[in-house]
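First comes the structure, then the notes that go with it.
Read the numbers this way: they start at 1 and go in the same order the structure lists the ligands and their atoms.
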Amino acid sequence: MVHWSSILSLAGTALVSTATALKATAPEVVPGAFIAEFEEGHNTESFYNTLGVNSVAVNRRLQLDYKLFKGASFQLKNVSNVDAAAEQIAGMAQVKKLWPVRTIPLPKDTIHYVGTDKTQAKAVTSKRQSGNTTDTFSTHVMTQVDQLRAEGITGTGIKIGVIDTGIDYTHPALGGGFGPGFLVSYGSDLVGDDYTGFNTPVPDPDPVDHCQGHGSHVAGIIAAQAEGNLFGFTGAAPGVTLGAYRVFGCPEDGSAANDVLIAAYNLAYEDGSDIITASIGGASGWSEDPWAVVVQRIVEAGVPCTVSAGNAGADGLFYASTAANGKKVTAIASVDNTQAPALLTKASFTISNSTTDEFGWTAGSPATWGNVSLPLWTPSLNTADPAAGCEAYPADTPDLSNYIVLIRRGTCTFVIKASNAAAHGAKYILFYNNQPGVISVAADVEGIQGAGMVTAEQGVEWVNLLAQNITVTANIIDPKAAPLVLSSEANNVTGGFLSTYTSWGPTYEVDLKPQFSTPGGMILSTWPVALGSYAVISGTSMSCPLAAGIVALVAQVRGTFDPATIENALSATANPNLFNDGATTYPYLAPVPQQGAGLIQAYDAAHASTLLSVSSLSFNDTDHFLSSANFTISNTGSEEVTYSLSNIDAATGYTLDPDSIYPSLFPNEITTTGATISFIVDKVTIPAGGKAVVSVVPTAPAGLTASRLPVYSGYIALNATNGESLSLPYIGVVGSLHSATVLDKDVTYLTQSSDATFNPVPANTSFVISKTNGTTGNAPVIGITLALGSALVRVDVIPQGPSNATEILGVKSLGNIFGFPVEYQPRSGALSEWDGLLENGSYAPAGSYTLLVRALRIFGDRTKAEEYDSKETVQFTISYS
Ligand SMILES: *[C@@H]1O[C@H](CO)[C@@H](O)[C@H](O)[C@H]1NC(C)=O
Ligand SMILES: *[C@@H]1O[C@H](CO)[C@@H](O)[C@H](O)[C@H]1NC(C)=O
Ligand SMILES: *[C@@H]1O[C@H](CO)[C@@H](O)[C@H](O)[C@H]1NC(C)=O
Ligand SMILES: *[C@@H]1O[C@H](CO)[C@@H](O)[C@H](O)[C@H]1NC(C)=O
Ligand SMILES: *[C@@H]1O[C@H](CO)[C@@H](O)[C@H](O)[C@H]1NC(C)=O
Ligand SMILES: *[C@@H]1O[C@H](CO)[C@@H](O)[C@H](O)[C@H]1NC(C)=O
Ligand SMILES: *[C@@H]1O[C@H](CO)[C@@H](O)[C@H](O)[C@H]1NC(C)=O
Ligand SMILES: *[C@@H]1O[C@H](CO)[C@@H](O)[C@H](O)[C@H]1NC(C)=O
Ligand SMILES: *[C@@H]1O[C@H](CO)[C@@H](O)[C@H](O)[C@H]1NC(C)=O
Ligand SMILES: *[C@@H]1O[C@H](CO)[C@@H](O)[C@H](O)[C@H]1NC(C)=O
């Protein structure tokens with residue numbers, strides 16, 4: 001039986017009084033909308049007929065009549081009676097399981113650069129030499145895609161289903177059309193332009209992405225064509241064909257409901273997709289989420305599914321998102337690109353009136369540049385001076401009105417730097433950056449007509465020329481008319497390391513997440529033509545499609561789509577990475593719950609002759625410690641191979657802050673105390689074509705503070721005499737997840753709908769509720785804060801006088817309030833208003849009550865009262881107007 005709360009507000013933060021800002025929010029649900037899965041032998045018509053017989057009026061949402069999922073989603077017409085109806089429906093013989101419809105927001109990826117509407121029209125510089133097919137795209141070099149491409153592997157004939165905002169197939173680099181024979185050869189729009197995630201989807205056959213861009217960027221990462229591509233890059237697997245399933249409408253803050261996602265996945269499966277990918281996720285941490293369950297079934301049916309791990313790295317450990325957290329679903333983390341590409345405005349410069357070269361820049365504010373050709377002048381020849389230009393210039397400074405002033409970024413504001421230049425007549429300023437990339441600067445100061453920025457590399461080159469008294473003249477074309485240029489500089493700070501935003505696992509049941517990582521930070525790809533044609537974006541949304549493309553390449557070489565074979569090969573051959581916190585690299589491996597198996601190495605995965613029977617091991621927590629684990633090594637090569645086994649620790653991360661029930665925010669405290677792994681035999685010789693089972697005996701690290709739930713991890717290294725070196729990631733938790741507090745009692749209390757800041761109400765507050773018009777008066781509101789996820793949250797109505805209450809989990813209760821219990825909640829803060837309606841569809845009699853909030857602890861038995869964290873509110877009275 002599943003019910004769902006009508007969440008009034010996502011302002012969980014209003015309830016959080018602790019220093020730990022709880023950024024997590026409860027999943028949003030569509031009030032009164034449900035997904036029913038049918039029992040064997042039942043169908044949509046018999047389901048709706050029975051509803052009719054029982055006088056439950058509904059509007060049909062989606063018919064979910066698929067090979068792997070038979071059910072329907074619908075909207076109750078009478079939303080003042082949701083729970084009673086849900087209870088009745090869940091009890092129908094036809095219904096196997098009923099879930100509320102929840103929504104998943106469009107991922108918030110960081111958009112760094114977007115082309116302009118002139119991008120397609122104007123000539124731009126391409127670093128690519130025509131006729132040279134060597135793949136030098138940095139993300140492909142990082143993942144060995146270049147080496148498979150050098151063998152001619154492109155994923156030819158493979159169909160990849162992309163669940164996203166659609167694809168702008170009119171883009172020449174995305175094939176220029178839709179349907180058989182085109183790159184985007186199948187798919188459909190499940191929702192229509194006006195879909196918000198909460199209103200009724202209006203499907204149509206055309207999955208074009210004309211208003212968002214996310215899906216077009218994803219599609220280019222998988223399969224952009226060199227032909228028609230102004231920058232000459234290709235996707236990882238340009239030989240595949242794509243299926244576009246559009247699940248988001250045009251609203252900027254739009255969402256997709258999970259019934260739509262379930263439909264899209266099933267359609268992509270039934271349309272014959274060999275691989276399905278979705279760069280979409282919502283806060284969860286539970287593999288029982290219905291969308292995750294559907295993706296798991298598709299994987300079990302033989303179709304590899306990649307899902308982005310999520311961009312919630314800031315939230316710390318145990319923040320896996322759905323559907324990536326599904327069992328057998330391949331969750332993809334993000335590393336930063338070793339190159340930081342930028343789409344800049346094109347201009348040129350002349351050295352000593354002779355040689356001319358191009359440069360890229362970004363206009364800031366003010367932007368009244370026009371066409372300007374002036375020599376550069378700089379207040380400081382020291383390119384490492386952090387405070388260059390922060391002080392007033394010396395009196396002998398020349399009149400700067402005939403120069404473009406070149407100033408390093410740093411220490412003081414752009415406005416102060418611009419004011420010092422303007423004091424000597426400057427009209428134009430180019431700042432050069434002190435970190436990778438360029439930003440749009442604001443230097444609105446009297447006298448300044450144009451401000452802009454160039455890269456650090458470009459600024460340093462110019463200053464070095466000026467230091468030799470060489471004249472450098474910048475020839476700026478009015479940025480309103482100038483073409484774009486692609487610039488790229490090395491990212492020496494975070495390039496190749498895990499992106500700080502990448503979400504951390506594991507799930508609350510210690511399933512290892514994510515599986516592995518690919519580049520997702522600072523990625524150049526295609527964008528809808530109408531919105532600028534190209535963009536540079538960061539997010540796990542960008543790493544996931546690269547992994548999907550790589551799955552296609554590996555499948556082509558190995559001749560199989562078997563999800564386990566491919567995931568095991570990718571995992572065993574991935575490269576574990578050192579820990580980097582966004583500024584510094586540390587001399588130890590990043591925790592497995594951040595990076596999974598490490599950075600994918602596509603060529604090694606495609607060609608390794610050694611295969612392992614698993615992609616990872618979880619030793620669970622102390623209560624459920626797995627004292628030994630076994631896996632099989634298969635030697636598919638033509639020679640005998642000896643494997644030496646050893647353990648390599650990764651860093652251990654503390655989940656909880658000291659003396660806190662809350663997980664630490666990134667960067668959480670790290671310790672290098674890892675597990676010890678012993679092997680029954682640590683050297684195994686396997687003949688050509690043979691197999692051997694290896695037994696692993698873990699000893700969890702000692703001396704750690706178990707109450708803070710340290711998550712240890714590492715890699716079992718297999719060094720082979722044939723030159724292959726493989727690694728198998730493992731994970732475990734010290735301490736008892738079952739003992740961890742899930743409910744924050746200090747921020748779980750009764751408040752009221754008339755209080756905009758939701759302060760606790762005093763005891764014996766009286767509420768007069770309008771039954772006929774819901775809760776438009778002042779109604780009780782229960783605020784619930786989960787410090788960790790909970791598989792079941794109840795809110796029992798406890799009468800404080802004579803009643804007909806029955807004993808539920810040891811307490812006399814009228815049952816849950818309307819909308820509860822809720823299942824499989826992420827950590828979150830949520831407010832739920834109560835209008836007196838009970839779970840059974842009747843109203844609680846007028847009288848005096850408390851509400852008893854009970855959140856099931858992790859691994860708890862839901863039939864036992866002591867397995868819940870509970871908090872009882874103050875007493876209050878209700879009456880009805
Ligand atoms: C909706 O349900 C409520 C509660 O059961 C009931 O009082 C009301 O009459 C119903 N409204 C309609 C339009 O059926
Ligand atoms: C193609 O470009 C790559 C990288 O720039 C270079 O190493 C290679 O020699 C070139 N090949 C040909 C045939 O020009
Ligand atoms: C560059 O050309 C300008 C105008 O033609 C001239 O005044 C200036 O002296 C030249 N500068 C150098 C360094 O040759
Ligand atoms: C550049 O010119 C300045 C002023 O004329 C002079 O002091 C300096 O030595 C020159 N530097 C070089 C590298 O020629
Ligand atoms: C960054 O790395 C590149 C390639 O390794 C190197 O050429 C460059 O000098 C480095 N830049 C900085 C600022 O360290
Ligand atoms: C950990 O143990 C619990 C209880 O037996 C089980 O439900 C869960 O699936 C286990 N986790 C893993 C990854 O095996
Ligand atoms: C692993 O294999 C060993 C020896 O073959 C066996 O004793 C042990 O029970 C196995 N462990 C698991 C978890 O299957
Ligand atoms: C296997 O290789 C890794 C990485 O080179 C190394 O750290 C480890 O010590 C090697 N193990 C054995 C048993 O040779
Ligand atoms: C009933 O509720 C609606 C929606 O909140 C509100 O617009 C309307 O004014 C209310 N009517 C009465 C009689 O309170
Ligand atoms: C208990 O239930 C009976 C029968 O529905 C009802 O008459 C009575 O008023 C109820 N008592 C209380 C205290 O709610």
Side-chain angles (χ1 to χ4, degrees), residues 84 351-353 375-383 393-400 403 406 460-473 509-512 568 612-634 643 645 647 675 677-686 690-700 716 718 728-732 769 771 796-808 811-817 836-850 875-880:
I351 302 171
S352 303
N353 285 1
L376 299 178
W377 182 90
T378 183
S380 171
L381 293 173
N382 178 359
T383 57
Y393 299 173
D396 62 354
T397 298
D399 173 10
L400 297 178
Y403 291 96
L406 178 67
V460 169
E461 180 190 339
W462 285 341
V463 172
N464 289 341
L465 291 168
L466 296 177
Q468 298 165 55
N469 291 338
I470 294 170
T471 305
V472 179
T473 304
E509 288 154 336
V510 205
D511 290 315
L512 193 149
N568 296 350
L612 307 183
S613 61
V614 292
S615 65
S616 65
L617 299 172
S618 170
F619 301 130
N620 222 324
D621 69 352
T622 302
D623 291 344
H624 308 97
F625 185 60
L626 195 67
S627 56
S628 77
N630 299 334
F631 64 92
T632 304
I633 308 173
S634 303
Y643 299 88
L645 278 65
N647 171 47
I677 306 284
S678 52
F679 305 94
I680 304 296
V681 287
D682 60 7
K683 249 190 176 58
V684 196
T685 299
I686 306 178
K691 293 180 180 194
V693 175
V694 175
S695 287
V696 173
V697 180
T699 306
I716 294 163
L718 296 95
L728 179 66
Y730 65 82
I731 193 173
I769 298 169
K771 253 192 212 177
D796 280 285
V797 178
I798 314 296
Q800 301 299 306
S803 76
N804 288 334
T806 56
E807 187 156 303
I808 300 174
V811 181
K812 291 257 192 215
S813 164
L814 296 181
N816 282 289
I817 65 166
L837 192 63
L838 297 168
E839 148 183 46
N840 67 8
S842 65
Y843 281 88
S848 186
Y849 296 98
T850 62
Q875 193 171 321
F876 61 99
T877 63
I878 56 168
S879 57
Y880 298 96

Non-neighbouring partners of D796 that pass side chain to side chain donor-acceptor pair (under 3.5 Å), sequence neighbours left out: R794, S813, R854

S380: side chain to side chain donor-acceptor pair (under 3.5 Å) partners, not counting sequence neighbours: none

Residues that F631 engages under ring-ring contact (aromatic ring centres under 6.0 Å, His included), provided they are two or more places apart: none

Note, Y843 side chain near L837 side chain (heavy atom, < 4.5 Å): yes

Shortest non-hydrogen contact from L406 toward P379: O-CD, 3.3 Å

Smallest separation among heavy atoms of S613 and T632, with atom names: OG-N, 2.8 Å

Give every pair formed by an N or O atom of ligand 7 and a protein N or O atom closer than 3.5 Å, one pair per line with both atom names and the distance to 0.1 Å, or write none.
{"residue": "ligand 7", "atom": "2 (O)", "partner": "N630", "partner atom": "OD1", "Å": "3.2"}
{"residue": "ligand 7", "atom": "2 (O)", "partner": "N630", "partner atom": "ND2", "Å": "2.4"}
{"residue": "ligand 7", "atom": "2 (O)", "partner": "S695", "partner atom": "OG", "Å": "3.4"}
{"residue": "ligand 7", "atom": "11 (N)", "partner": "S628", "partner atom": "OG", "Å": "3.1"}
{"residue": "ligand 7", "atom": "11 (N)", "partner": "N630", "partner atom": "ND2", "Å": "3.0"}
{"residue": "ligand 7", "atom": "14 (O)", "partner": "N630", "partner atom": "ND2", "Å": "3.3"}

A467 neighbourhood, listing ligand 4 atoms whose heavy-atom distance to it stays under 4.0 Å: 13 (C)

Plane angle bin for F619 and Y730 - parallel if under 30°, tilted between 30 and 60°, otherwise perpendicular: tilted

Contacting atoms of ligand 10, where contact means under 4.0 angstrom from a heavy atom of P802: 13 (C)

